There are 2 protein chains.
Amino acid sequence: MSNIRDVAQLAGVSVATVSRALQQPDLVSLKTRTKVLSAVKQLGYKPNLMAVRFRSGKTRNLVVLVPTVANVFFARVISGMQQAAHDKGYSLLLCNTLADEAMEQSYARMVHTSQADGLIQLRAHNPFAQLEMKTGSVLPMVNACEVLDRIACPTVLLDNRSAACAMTEHLLQLGHKRIAMIKGPARSPLTRDRVAGYRDALDAAGVEFDESLLYPGDFTLQSGHKAASELLALAKPPTAIFCENDEMAIGAIQGIKQAGLSVPGDVSVAGFDDISFAAFSDPPLTTIAQPAEEFGSTAVSLLIDLLDGRLGKAPKVILPFDLIQRDSTGPAPAGSG
Amino acid sequence: MSNIRDVAQLAGVSVATVSRALQQPDLVSLKTRTKVLSAVKQLGYKPNLMAVRFRSGKTRNLVVLVPTVANVFFARVISGMQQAAHDKGYSLLLCNTLADEAMEQSYARMVHTSQADGLIQLRAHNPFAQLEMKTGSVLPMVNACEVLDRIACPTVLLDNRSAACAMTEHLLQLGHKRIAMIKGPARSPLTRDRVAGYRDALDAAGVEFDESLLYPGDFTLQSGHKAASELLALAKPPTAIFCENDEMAIGAIQGIKQAGLSVPGDVSVAGFDDISFAAFSDPPLTTIAQPAEEFGSTAVSLLIDLLDGRLGKAPKVILPFDLIQRDSTGPAPAGSG
DNA sequence: CTTATAAATGATATCGGTTACATTAATATA
DNA sequence: TATATTAATGTAACCGATATCATTTATAAG
């Protein structure tokens, strides 16, 4: 691989001129520029990016903390990030954190050790908390999908409260009164917001809130199955189950069927995310569609803007949702009220 | 961020000694080593990795070419890679290629421009073909999952032929004679191998091969749905459909149900991969389990071994499969023979 | 107590670019 | 034509760690 000195020699100019001809062509006369470019072409010269990064102090790497890389929704988010990052000359350092704080911190340190310029966190937890406390500096980060409430960093989120409210209203309109909710992990603000939206709708409709209809899940198919089975075993079981993601909804549908009941005849089920499998479950799932890829691309754009100092006060970008009505929700069974 | 000179100054030694104390502690006296380490700790010194990489000429980055990052199976593979790479101090540069050769080539060039040390390709195509032709050099690469037949690079694969044969035998044993196959993209060796295994089983059982029962898909839910619908419209429709991945199988099940038939009562369906959704489809899917994460971690290990010159002749690692029998396959309907 | 040998440490070139500063060439102004 | 101003190019320091080679210090052998 040839270097800038080879090019300079072949073109008969100094290395500085070569560098300028490539970086700031305006500063170089047309004649010299032509000579340089032809030498570059002849040698097939490509700047050594490690040298550039070392010199500039910019790695052009972004750390991405993902709770579960293999999750369908996150996979789409990552796909969107990847595209945006590549377009802007950045690379992603993917980290499967399993929502473990110690692991998040360890990965986050890469921003400190000159391995990455910034970080995108897809979970509601600040991986820099300790580091910033110790050093007193604020590190570049963007929070997306599951976001922290009070954090002074750019954020990309859905209006989870409104989305959950919309879905609950949809179920109420179908005549359901006992609407269960299979939640995500208890501590997550995302879960809290969706529960809040759920209660907003109940309150507006004058339906009493029943704590026992709130069941904690962990976003896996298994947890949806287990939750539905246990909810149906209640003295007064729900006629509709709203799940905080599609995996749990699909798991719930299986649980309901195994209990000998039908969806939506006996129990309606709604999901969240609109993953590709949602349209292919039996029955096809009513759900909230999220622009997953856009979460990713927006987060990357924000982070790069932040790194380039193009961002004023930390913006909160709210992406739109869409209620997709399919066949897993239907009228409440007669006499269920 | 402090650098090696700061440490040297604080410890009262030369920079060379600091470097040695950290890299080759044996060469440094215990006394000096202690001084250095305490200075390191006091300053919170971490070597600037960009400098290290620049100096060493090793990026510790690996390019990964994935047809579709958002595919459930590949997401698991990536997860396995990520883990293995991190354990060995490497980072992954994920590339969503959409199976586009031009894009693969463009990403592959990163290995040439000192952005990455090697490449993992998850598709049956050599992205270095042109580059190697031009430069005459062989670039470090590992091929996994969908592999090229005749390529002199380390390879991680499943014995697709045997796996397909095993599944076809399973269907034959259930009394099926008309077994359709929803294939992957025609050009893929993977598809070819699985079709070969399918024919092996048919031949062994003395069942005649029928070209019209082979339907080309593209590994998406939609294509499975379409394929099943069309296969059922044949004059002599199949009583079993073997799909080359679980997504297509789940799509096929929906297509079959929409045609008013039952699974497995009228038509048995088998998949491939054993993604998490397989156990939650209705009915739960009989499928071939692949060790997806192991594909990823093995590929990474092989590539790093290759880079470190620890690999002799390019090995072919064959990972085991497992036939998971669930409820989507059952006895052929009476009188179907 | 020398001298030979090994161990420990230091000074410095190096990797491949970028950039501040110095210098030279070209153009404009008086 | 002489001088001021701008444009174009060159020189060399620099980023931070590593590694070679030289030098000093410690240990062993005679």
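Keep in mind the model is a prediction, meaning the values are calculated, not measured. In the text below, chain A, chain B and the rest are named by the order of the sequence lines, each starting its count at 1.
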Tell me whether the side-chain N/O atoms of A/S29 come closer than 4.0 Å to OP1 or OP2 in D/dT9. yes
Side chains of A/N143 and A/T155, donor plus acceptor under 3.5 Å: no
Would you mind telling me which residue lines up with the more 5' stretch of DNA chain D, B/R20 or B/F54, judged by nearest nucleotide? B/F54
To the nearest angstrom, how far is A/Q23 atom CD from C/dT19 atom P? 8 Å
Reckon A/S56 touches a base, only the sugar-phosphate, or nothing at all at heavy-atom distances under 4.0 Å? nothing
side-chain hydrogen bond (donor to acceptor under 3.5 Å, both in side chains) between A/S188 and A/E146: does it pass, once the steps are laid out? CA-CA 8 Å; A/S188 162; A/E146 283 196 43; 3.1 Å; yes
Measure NZ/B/K58 against P/C/dG16 and give the value in whole Å, please. 14 Å
For a quick check, tell me whether the side chain of A/R55 and the base of C/dG16 share a donor-acceptor pair closer than 3.5 Å. no
Winner on side-chain proximity to B/N48, out of D/dT9, D/dG16, D/dA19, is D/dG16
Among D/dT9, C/dT9, C/dT12, which nucleotide sits nearest the side chain of B/T17? C/dT9
Hey, mind stepping through B/S14 and B/T17 against side-chain hydrogen bond (donor to acceptor under 3.5 Å, both in side chains) and telling me if it holds? CA-CA 5 Å; B/S14 70; B/T17 301; 3.1 Å; yes
Base, sugar-phosphate or nothing for B/D26? Non-hydrogen atoms, less than 4.0 Å. sugar-phosphate
Quick one: do B/H112 and B/F128 satisfy ring-ring contact (aromatic ring centres under 6.0 Å, His included)? Show the steps, please. CA-CA 10 Å; B/H112 225 198; B/F128 287 145; 8.4 Å; no
Please pick, from D/dA17, C/dT18, C/dT9, the nucleotide with the shortest atom-to-atom distance to any side-chain atom of B/Y45. D/dA17
Got a donor-acceptor contact below 3.5 angstrom from the A/T298 side chain to the A/E294 backbone? yes
Once you round it to whole Å, what is the distance between P of C/dG17 and CG of A/L43? 12 Å
Taking CZ from B/R53 and C1' from C/dG17, how many angstroms apart are they, rounded to a whole number? 18 Å
Which of these nucleotides, C/dG10, D/dG10, C/dG16, is closest to any side-chain atom of A/S14? D/dG10
Option from A/T68, A/D273, A/L122 for which side chain to side chain contact (heavy atoms under 4.5 Å, CB included) with A/F73 holds: A/D273
Whole-Å distance separating the CD1 atom of B/I4 from the C1' atom of C/dT12: 14 Å
Rounded off to whole Å, could you give me the CD-to-C1' distance for the A/Q9 and C/dG16 pair? 15 Å
Could you check how far CG of B/N3 sits from P of D/dC15, rounded to whole Å? 8 Å
A/A16 side chain, from C-beta outward: closest of C/dT9, C/dG17, C/dT19: C/dT19
Select base, sugar-phosphate, or nothing to describe what A/V13 touches, counting heavy atoms under 4.0 Å on all strands. sugar-phosphate
What nucleic acid atoms does A/S19 come within less than 4.0 Å of, heavy atoms only: base, sugar-phosphate, or nothing? base
For atom CG of A/L22 and atom P of C/dT18, their distance in whole Å: 8 Å
By nearest nucleotide on DNA chain D, pick out whichever of A/R5 and A/L27 is the more 5' one. A/L27
